[in-house]
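Worksheet: the structure to be examined is printed underneath.
Proteins come first, then strands; the chains are lettered A, B, ... in the order of their sequence lines, and each starts at number 1.
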2 protein chains.
Amino acid sequence: MGFMGNMGTGGDMAEPRWLTDEEQHVWRAYLHATTLLEDHLDRQLQRDAGMPHVYYGLLVQLSQAPRRRLRMTELARSAKITRSRLSHAVARLEKNGWVRRENCPSDKRGQFAQLTDEGMEVLRRNAPGHVTAVRQAMFDRLSPEQVTQLGAIMRVMAAGLEPQDADADLPWLR
Amino acid sequence: MGFMGNMGTGGDMAEPRWLTDEEQHVWRAYLHATTLLEDHLDRQLQRDAGMPHVYYGLLVQLSQAPRRRLRMTELARSAKITRSRLSHAVARLEKNGWVRRENCPSDKRGQFAQLTDEGMEVLRRNAPGHVTAVRQAMFDRLSPEQVTQLGAIMRVMAAGLEPQDADADLPWLR
DNA sequence: GGCTCATTCTTGAAAGTTGAACTATGTAGG
DNA sequence: CCTACATAGTTCAACTTTCAAGAATGAGCC
């Protein structure tokens with residue numbers, strides 16, 4: 001008996017639609033691939049750049065923002081992490097000298113996280129290795145069609161999980 | 001200037017093949033979708049079952065094993081986590097009464113992790129909610145073709161990241 | 001047996017994450 | 001102005017994960 005596929009009826013609980021055999025296999029493959037990849041990138045970046053993948057992603061976001069800085073909330077939103085987590089992360093990156101905090105003049109509650117030159121340099125040094133790792137794990141293994149398919153699939157999933165869609169199944173609240 | 005796409009040449013460092021525009025978008029979508037989904041499942045299970053997604057996965061693995069038990073190393077391998085992490089996790093699950101440790105008679109170093117009846121019951125209670133969450137996030141949003149495509153893609157990626165493939169690009173070592 | 005090396009699993013400390021509580025500031029309405 | 005509530009960001013404690021080190025057993029070889 002499984003806990004994703006059909007367990008048979010008989011319980012007094014509402015029966016969901018269990019996963020088909022194919023769906024179970026896809027789900028398992030998804031879990032394996034995503035956890036292996038995230039672990040792989042975490043180790044690669046921890047070894048080469050001295051920070052986990054999420055932190056590296058924060059630096060990348062900042063590097064692409066105007067004046068290389070973003071409000072904390074904005075950065076948290078675009079990196080898909082909580083503000084609490086970001087506070088800790090930025091504190092650590094600041095200690096490394098890769099990010100600097102700045103007060104927001106127009107809103108005294110606000111803070112900017114700004115990428116320092118040193119942070120930019122860390123990014124420059126590690127970008128080649130990181131891109132290579134991503135390529136070897138994903139793009140060099142997939143056909144062009146698969147890359148396109150993956151993009152479409154991931155966009156659909158991400159759209160369904162965006163916070164603002166939390167009430168998407170509660171239309172009567174709108 | 002980006003750190004995944006072409007940054008232009010001119011550095012003294014070996015230039016990797018940067019990501020194309022489409023690859024960058026796919027990569028971004030992949031990161032968003034996977035982190036949003038993992039966060040979503042973590043919160044759902046933490047709220048309903050009182051444990052993170054990885055721990056729930058351990059119970060699922062055990063529930064499908066003969067006699068509902070597995071050697072620690074085997075469980076770690078199938079769940080794609082380190083033995084250290086598993087040790088801590090099982091300690092916690094044991095404290096909850098959901099897993100029990102047993103000595104392996106044929107190898108005195110070995111330990112079995114065995115799912116308790118209580119653990120089985122937790123699984124039973126939470127399986128419907130969990131499957132529903134997975135379904136809403138993934139299978140109910142994708143076409144049958146996309147599900148098949150996703151399976152193929154994830155299998156390719158997972159295969160390339162399996163530990164034993166660490167030397168896959170070093171054929172002269174074999 | 002005894003040596004060496006591999007394997008299994010655990011441990012402890014440091015690092016990272018979470019969720020709730022908290023401070024401070026902004027905003028809307030009387 | 002004042003109250004009430006919302007938003008921005010931080011902090012604390014509890015929890016989880018990682019990495020390196022360690023204890024115990026197994027396996028091969030002389």
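For A:Ser84, the side chain to side chain contact (heavy atoms under 4.5 Å, CB included) partners are A:Thr82, A:His88, not counting sequence neighbours. For A:Arg155, the salt bridge (Lys or Arg N to Asp or Glu O under 4.0 Å) test picks out no residue, with sequence neighbours left out. Shown here are the side chain to side chain contact (heavy atoms under 4.5 Å, CB included) partners of A:Ala65, two or more places apart in sequence or in another chain: A:Leu70. For A:Leu45, the side chain to side chain contact (heavy atoms under 4.5 Å, CB included) partners two or more places apart in sequence, or in a different chain, are A:Ala49, A:His53, A:Tyr56, A:His130. Residues satisfying the ring-ring contact (aromatic ring centres under 6.0 Å, His included) test with B:Tyr55, not counting sequence neighbours, are none. Partners of A:His32 by ring-ring contact (aromatic ring centres under 6.0 Å, His included), not counting sequence neighbours: none found. Take A:Arg101 and apply the side chain to side chain contact (heavy atoms under 4.5 Å, CB included) test, not counting sequence neighbours, and it matches A:Met72, A:Val90, A:Ala91, A:Glu94, A:Gln111.
In the 5' to 3' direction, nucleotides of DNA chain D lying under 4.0 Å from heavy atoms of chain B begin and end at D:dT16 to D:dG26.
For the segment residues 67-76 of chain A, the set of residues with a heavy atom within less than 4.0 Å of an atom of DNA chain D comprises A:Arg71, A:Met72, A:Thr73, in numerical order. Of the residues in residues 46-54 of chain A, not one places a heavy atom less than 4.0 Å from an atom of DNA chain D. Only A:Arg83, A:Ser84, A:Ser87, A:His88, listed by number, bring a heavy atom of residues 83-98 of chain A to less than 4.0 angstrom from any atom of DNA chain D.
Each salt bridge (Lys or Arg N to Asp or Glu O under 4.0 Å) pair with one or both residues in residues 30-46 of chain A, not counting sequence neighbours, appears once here: A:Asp39-A:Arg43.
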